[in-house]
Amino acid sequence: MSKNQDGTLLVEKKAKVKPPSLYKVLLLNDDYTPMEFVVMVLQNFFSMNIDQATQVMLKVHKEGMGVCGVFPKDVAATKVERVSAFSRQHQHPLQCTMEEN
Ligand code: TYC
């Protein structure tokens with residue numbers, strides 16, 4: 001605490017600057033979306049090479065769910081929107097969601 005020129009007290013506050021919270025973007029398994037389509041989504045929307053994309057696709061296929069990447073909230077939300085719209089356009093039921101990391 002310190003005094004102002006007029007004698008009033010100044011209380012210094014800690015700067016409340018937090019790093020932006022991060023979100024995982026998740027893909028969910030289903031019985032209908034072709035494996036090649038999922039691999040293509042992971043390459044095009046998450047910048048994975050074919051080996052990474054295949055590994056993630058197979059993990060989702062076997063375990064039911066997998067992480068495509070971790071992003072700030074607005075970036076994660078945009079990815080979910082774009083992947084969902086693209087899947088719908090191609091009449092695949094592929095589900096993409098996000099959750100706080
Ligand atoms: N299970 C799908 C199949 O056998 C493949 C698949 C993988 C679908 C990952 C969705 O997120 C997914 N064709």
Side-chain angles (χ1 to χ4, degrees):
M1 228 158 21
S2 55
K3 281 212 171 132
N4 216 342
Q5 280 188 325
D6 63 2
T8 54
L9 286 175
L10 292 175
V11 181
E12 286 116 32
K13 283 198 181 161
K14 272 241 176 80
K16 287 181 192 155
V17 188
K18 291 178 223 139
S21 37
L22 295 174
Y23 285 71
K24 290 190 283 240
V25 174
L26 304 167
L27 273 189
L28 307 186
N29 189 35
D30 66 71
D31 292 338
Y32 305 103
T33 306
M35 290 183 171
E36 312 77 63
F37 184 82
V38 179
V39 169
M40 193 252 285
V41 163
L42 289 166
Q43 288 180 278
N44 292 351
F45 293 92
F46 299 95
S47 308
M48 293 185 194
N49 65 39
I50 190 150
D51 293 341
Q52 295 171 308
T54 303
Q55 272 186 30
V56 172
M57 182 281 293
L58 285 174
K59 184 186 163 66
V60 178
H61 176 70
K62 290 181 195 150
E63 298 177 17
M65 188 185 276
V67 179
C68 310
V70 178
F71 308 96
K73 192 175 193 177
D74 55 338
V75 177
T78 303
K79 300 237 182 235
V80 169
E81 277 305 303
R82 291 187 179 162
V83 169
S84 303
F86 187 69
S87 302
R88 242 178 285 127
Q89 270 168 31
H90 290 268
Q91 274 111 45
H92 295 310
L94 182 61
Q95 293 292 306
C96 184
T97 62
M98 60 194 266
E99 76 176 24
E100 202 167 358
N101 204 18

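When a ligand or atom number is given, it counts from 1 through the structure's own listing order. Because only heavy atoms are used, hydrogens play no part in the values below, and waters and symmetry mates are left out as well, while side chains stay in.
Here the side chains of Asn49 and Gln52 are in contact, with some heavy-atom distance below 4.5 Å. In this structure the side chain of Val25 never reaches within 4.5 angstrom of the side chain of Val67, judged on heavy atoms. The closest side-chain heavy-atom distance from Cys96 to Leu26 is not below 4.5 Å.
Closest protein heavy atom to atom 5 (C) of ligand 1: Thr33 O, 3.4 Å. Here the protein heavy atom with the shortest distance to atom 8 (C) of ligand 1 is Asn29 OD1, 3.4 Å.
Although no hydrogens or angles enter the test, the distance criterion places a donor-acceptor pair under 3.5 Å between the side chain of Lys79 and the main chain of Phe45.
By the 30° and 60° cut-offs, the orientation of the rings of Phe37 relative to His90 is tilted.
Counting the atoms of ligand 1 from 1 in the order shown, those under 4.0 Å from a heavy atom of Val60 are 9 (C), 11 (O), 12 (C). Close approach of ligand 1 to Leu94 is summarised as follows: ligand atoms under 4.0 Å from at least one heavy atom of the residue are 10 (C), 11 (O), 12 (C). Of all the atoms in ligand 1, the ones that sit under 4.0 Å from a non-hydrogen atom of Leu28 are 10 (C), 11 (O), 12 (C).
With atom 2 (C) of ligand 1 as the reference point, the heavy atom nearest to it among Asp30, Leu58, Asp31, Val56 is part of Asp30.
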| request: Quick one: do Leu94 and Phe86 satisfy side-chain contact (heavy atoms from CB on, under 4.5 Å)? Show the steps, please. | output: CA-CA 9 Å; Leu94 182 61; Phe86 187 69; over 6 Å; no
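Residue His61 has at least one N or O atom closer than 3.5 Å to an N or O atom of ligand 1.
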